[in-house]
Amino acid sequence: MTNQEIEQKITELKVEYVQIQNDIEKLESFNQSVEKLEGKLQEIEKELAYYHSIEN
């Protein structure tokens, strides 16, 4: 994987992360369960850590 591909993947993950955070805020405002989305955020955090580690 090239550095450009890694940067692109990191950018995509960051966008997805922000979208999920927004979804969580909406669900919380209606007292809905957010456990699955919080789990997805954790997965994205792990992926970001991985891509940052191979970037260097």
Side-chain angles (χ1 to χ4, degrees):
M1 203 172 220
T2 66
N3 275 347
Q4 184 178 3
E5 290 171 326
I6 293 169
E7 285 295 326
Q8 181 179 351
K9 185 65 177 174
I10 289 171
T11 300
E12 291 170 5
L13 288 168
K14 286 180 179 180
V15 168
E16 184 179 1
Y17 192 92
V18 170
Q19 289 172 339
I20 293 172
Q21 282 182 317
N22 289 335
D23 291 345
I24 287 174
E25 288 179 18
K26 289 176 189 174
L27 288 173
E28 284 179 332
S29 70
F30 293 105
N31 294 320
Q32 301 291 317
S33 174
V34 295
E35 289 177 21
K36 288 182 183 179
L37 290 177
E38 287 175 339
K40 181 65 178 165
L41 287 181
Q42 290 176 345
E43 290 175 24
I44 292 172
E45 289 169 1
K46 289 176 186 176
E47 282 187 74
L48 283 170
Y50 167 75
Y51 285 110
H52 281 295
S53 73
I54 65 171
E55 181 180 37
N56 298 325

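Residues: numbered from 1 along the sequence shown.
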For a quick test of your reading: what N or O donor-acceptor pairs under 3.5 Å do the side chains of residues 8-19 make, sequence neighbours left out?
{"unit_1": "Q8", "atom_1": "NE2", "unit_2": "E12", "atom_2": "OE2", "d": "3.3"}
{"unit_1": "T11", "atom_1": "OG1", "unit_2": "E7", "atom_2": "O", "d": "3.0"}
{"unit_1": "Y17", "atom_1": "OH", "unit_2": "E45", "atom_2": "OE2", "d": "2.6"}

By side-chain contact (heavy atoms from CB on, under 4.5 Å) - contacts of E5 (at least two apart): M1, T2
Only distances under 3.5 Å count here; give the side-chain donor-acceptor pairs of residues 30-40 to other protein atoms, sequence neighbours excluded, each with its distance to 0.1 Å.
{"unit_1": "Q32", "atom_1": "NE2", "unit_2": "F30", "atom_2": "O", "d": "3.3"}

